Amino acid sequence: VSRQSFSLGELAEHTGSRLQGNADTLIHTVATLEQAQPGALSFLANPRYRQALATTQASAVVVPDQIQLDNPPFSRLHNRNPYLAFAQIARLLNPLPVAEPGIDPSAVVHAQAQIAADAQIGPGVHIGADARIGRGCVIDAGAVIGESVVLGDHCRIGCNVSVLAAASLGQRVHIAAGAVIGSDGFGFAQADTHWEAVPQLGSVVLGDDVAIGANTTIDRGSQGDTVIEAGCKLDNLVQIAHNVHIGAHTVIAASSGISGSTRIGAHCALGGQVGIAGHLTIVDGCTFTGMTMVTGHVREPGVYSSGIPAAPNREWRRNAVRFGQLESMARRLDALEKQLNNAGERPDE
Amino acid sequence: VSRQSFSLGELAEHTGSRLQGNADTLIHTVATLEQAQPGALSFLANPRYRQALATTQASAVVVPDQIQLDNPPFSRLHNRNPYLAFAQIARLLNPLPVAEPGIDPSAVVHAQAQIAADAQIGPGVHIGADARIGRGCVIDAGAVIGESVVLGDHCRIGCNVSVLAAASLGQRVHIAAGAVIGSDGFGFAQADTHWEAVPQLGSVVLGDDVAIGANTTIDRGSQGDTVIEAGCKLDNLVQIAHNVHIGAHTVIAASSGISGSTRIGAHCALGGQVGIAGHLTIVDGCTFTGMTMVTGHVREPGVYSSGIPAAPNREWRRNAVRFGQLESMARRLDALEKQLNNAGERPDE
Amino acid sequence: VSRQSFSLGELAEHTGSRLQGNADTLIHTVATLEQAQPGALSFLANPRYRQALATTQASAVVVPDQIQLDNPPFSRLHNRNPYLAFAQIARLLNPLPVAEPGIDPSAVVHAQAQIAADAQIGPGVHIGADARIGRGCVIDAGAVIGESVVLGDHCRIGCNVSVLAAASLGQRVHIAAGAVIGSDGFGFAQADTHWEAVPQLGSVVLGDDVAIGANTTIDRGSQGDTVIEAGCKLDNLVQIAHNVHIGAHTVIAASSGISGSTRIGAHCALGGQVGIAGHLTIVDGCTFTGMTMVTGHVREPGVYSSGIPAAPNREWRRNAVRFGQLESMARRLDALEKQLNNAGERPDE
């Protein structure tokens, strides 16, 4: 995948690392410690996996600043954030492909759309009236950019993506294949016999450097907008309902869902399959482990969890039945304590 | 977004509301109480949010019938269902765009498909043999309407949607971008060494006024059909397995999943990420709160729930461990009661 | 849907069944016991549903080997695996459509792609440079086959699917509409103020006879590959993260999610909405019931479960509150036992 080589000296300088070993060694690829061959650079972020160092074929390894190694056969780049340094080197060796300017002849672009001269518009792409596509954008095959949508510079829109509702994307926003940005929110008013759709009139605003995963859905606001601030990263199959607001640099793992009008702070982290109810406020700096169910406001930063870990089915069945008796167990426990304390007090009578 | 103005007198009549204020005031948009400017109409459905009335700039507010307001600066439309009246006014001000009749030159329409003269077929749409597209339908860019699919009048099919398996849609069915209607059900027979696909031969039937969310998937039946009755509303990323039957006017929030052959009654409501096992029957009028796990028949209407709400991780870990000991705790509690009652009976001996 | 008839004699031979009844009876379709009409074949796999035999109109029924029937009006095909035999007959009557060789004029195929002469490339399909499409493949409308992707023979790629990242598919792989294969994994390194994307450089490898459901997402590996071995069947809306490895013939029901670098063994079965955390190892032969949350390694084959079944909301609320008191309830129980045992010992003093 890589197309270039860099010397370890260059890589140390590029990442601000302290080099121990041969500055002239050429690195042409990155790999895991297990899979690395000579010429490859790897990394060790978690000392727990340290034993993999004993057998790695890597020519160089990015390691923590403070680690003590006993004259290993590979060169070391010491860095206080080895994973970040590794990512930077991996990017250097595998740069994002530059846009190949031009509009594929099979694309259908509205006469009133504005496309930057150096943007790349793939086969079968459809761009609506008054859409604006920034410099260096890459729009992959089959994507649809709806009327009045605005893309900042250097955005990348994956295959078969739909961006609708006059959504506004910042710079360097990446949307993976199949995602839908700007679908109607789920708003229905209950009439006597049926549900009546409440017109969804707001939009979606994605800040700079937002990344959206494959087949993720982000609804437009009902009146105001759905907003995802700069630097947020959303994984695949995530659902963001109308009028949600997500603070900067929050990350959300796959298959999570955020209900309508909830506000999530900045620098939060959601594991996979987390569910957050509607109209809640979550402060900055909250982490939710996978499958956590959030039904109330969260006013203190911290790590939150819920759910029951897997157990053998027979055990689980018995315990799940007992869960349904918890209230009565608690009352029986109260009664026993009362009885026993009374009983215990009797000798003093 | 709105293109017209209506007088409050007209809006009162349109919604059957009692007007207090100036019948000539012109309304040109709707907004939340917080965001409304002069010329906007807002609503108050839940008296809990009443304090927002004190500062709103709205020219008019739809309020509950019985509410007492002390001479506020805005006009009032009193209605027993303020949210519904608001929705009706929002729709009046923001009518669904009428189909612009015609077939985009980039669309590929089979010669044996029947397309109503006033239908709108977008760029890159593909319509298969013997498909029938009703009057006033709008099919957005990149959608695929498979062989023998039938769309009633005034359906709206979003970008990159796939409608397959000779599915049959009623009138005014809305399918949001990326949804898949009529994919093969998940049916495999276990052979000695592998799984063999069971041919999925049924179809999908969607009643009038059904709405389907973005990237939702609805499988075709294995032999009979998967059926979603009139007026049902499904949110994004919902999974409906083969042979499911959903009664009229049931609503299902995002990321929920219904397993094969389950029957859900009419006028039910499922929160987000609800899971319902297969081959179950759920009666009319059941509500399931978000993330509820339904593993048995539900024979009585009512509100059902399950799951554990989020707690600080340290607390949760301890309690989750104790969950695995519930059966033994219950037995210990039994033993204590027995011991104590025996002990308690001794005085009578 | 069926186009042919077969005699019961032929069907008995085709499935290795023992025929009781008329070998010349012609069967032209399959159906459930309830919906079958004369000329249809049905099946009874689970003796629990035996009472449906009393009223079925089916001309023939596949039944278990050992079942005793009292001279019913339909012919019987006795088979030790009735559902499998039924599936084989259903397929015989409803063969997969053969590819109609040719490339739709609206498809955009790169000059350096290699397409087998008998492959069928649908309208609006896009095939990238150096992609290889095997014999008898069918690629439906709007699908995107990216650069250097390899499809074995007789693969079927649904509408609006995206196959990216030089993914490699075996023979007879079926990908349902809207699925995304080869999206970037969710890998970000935490810098001081933001998240930096870790280049995702691996690919996806799908073995022979793998089936992938609608709108399912499978990420490319970060360095190594994401691998799904032969015969695996994945339902709709499943998420497979980067570097996951799934053993042969494992089945995964809808809306489940597998986190990064987890290894699942062969012949496992996951119910719907199961979540498995990252970096875990699950041995062969594990079953996880729907909505199970797996947070640790699983070293023994067996059936595993978690979660709380639905209950009336009032009951659930009380019990869920008590869940948060489990640790303290357990301590109180300990204390009572200690107190009572001490008390109980007193008489012996």
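Note: hydrogens, waters and symmetry copies are ignored here, and every other heavy atom, side chains too, is used. In what follows, chains carry the letters A, B, and so on, assigned in the order in which the sequence lines appear, proteins first and then strands, with residues in each chain numbered from 1. All values reported here derive from a predicted model rather than from experimental measurement.
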Return the minimal non-hydrogen interatomic distance between [X] and [Y], and the atom names on each side.
{"X": "C:Thr32", "Y": "B:Gln223", "result": "CG2-OE1, 3.3 Å"}
{"X": "C:Gly231", "Y": "B:Trp195", "result": "O-CD1, 4.3 Å"}
{"X": "B:Val238", "Y": "C:Leu237", "result": "O-CD1, 3.7 Å"}
{"X": "B:Thr193", "Y": "C:His267", "result": "O-CE1, 3.7 Å"}
{"X": "B:Met293", "Y": "C:Gly307", "result": "CE-C, 4.0 Å"}
{"X": "B:Ala189", "Y": "C:Ala87", "result": "CB-CB, 4.2 Å"}

Counting only N and O atoms by type, is there a donor-acceptor contact under 3.5 Å from the side chain of [X] to the main-chain atoms of [Y]?
{"X": "C:Asn215", "Y": "B:Asn215", "value": "yes"}
{"X": "B:Ser306", "Y": "C:Ile308", "value": "yes"}
{"X": "C:Gln273", "Y": "B:Ser255", "value": "yes"}

Residue part contacting chain C, namely of [X], when any heavy atom lies under 4.5 Å:
{"X": "B:Ser256", "answer": "backbone"}
{"X": "B:His194", "answer": "both"}
{"X": "B:Val321", "answer": "neither"}
{"X": "B:Thr292", "answer": "both"}
{"X": "B:Ala277", "answer": "neither"}
{"X": "B:Val108", "answer": "side chain"}

Task: Top of B:Met329, B:Gln190, B:Arg332 for chain C proximity - count of heavy-atom pairs under 4.5 angstrom - done: B:Arg332
TODO: Specify which of B:Val274, B:Leu326, B:Val125, B:Thr295 makes the most heavy-atom pairs with chain C at under 4.5 Å.
DONE: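 Option with the top pair count is B:Val274.
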Below 4.5 Å, heavy atoms only, C-beta onward: do [X] and [Y] meet side chain to side chain?
{"X": "B:Val144", "Y": "C:Asp140", "answer": "no"}
{"X": "C:Pro312", "Y": "B:Val303", "answer": "no"}
{"X": "B:Val198", "Y": "C:Tyr83", "answer": "yes"}
{"X": "C:Asp235", "Y": "B:Gln239", "answer": "yes"}

Task: Pairs satisfying salt bridge (charged side-chain N to carboxylate O under 4.0 Å, His left out), at least one member in residues 295-320 of chain B, at least two apart - done: none
Considering only heavy atoms, which portion of [X] lies under 4.5 Å from any heavy atom of chain B: side chain, backbone, both, or neither?
{"X": "C:Ile252", "answer": "backbone"}
{"X": "C:Ala85", "answer": "neither"}
{"X": "C:Gln35", "answer": "side chain"}

Open item on the list: Quiz question: by atom type and distance under 3.5 Å, do the side chains of B:Ser162 and C:Asn160 form a donor-acceptor pair?
Closed with: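 Note: B:Ser162 and C:Asn160 side chains meet the donor-acceptor criterion.
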TODO: Using only heavy-atom distances, determine whether the side chains of C:Glu327 and B:Asn319 contain a donor-acceptor pair under 3.5 Å.
DONE: no
- [ ] Let me see the working for C:Asp104 and B:His126 under side chain to side chain contact (heavy atoms under 4.5 Å, CB included), right down to the final yes or no.
- [x] CA-CA 11 Å; C:Asp104 189 276; B:His126 310 293; over 6 Å; no
I'd like to verify something: which residue of [options] has the highest number of heavy-atom pairs under 4.5 Å with chain B?
{"options": "C:Ala311, C:Gly213, C:Ser106", "answer": "C:Ala311"}
{"options": "C:Val30, C:Leu234, C:Thr289", "answer": "C:Leu234"}
{"options": "C:Glu34, C:Arg91, C:Gln88, C:His174", "answer": "C:Arg91"}
{"options": "C:Leu333, C:Leu84, C:Asn81", "answer": "C:Leu333"}

Side-chain polar contacts of residues 176-183 of chain B - donor-acceptor pairs under 3.5 angstrom, sequence neighbours left out - could you list them?
residue	atom	partner	partner atom	Å
B:Ser183	OG	B:Asp219	OD1	2.7

TODO: Could you tell me whether C:Arg80 and B:Asp192 have a side-chain N and a carboxylate O separated by less than 4.0 Å?
DONE: yes
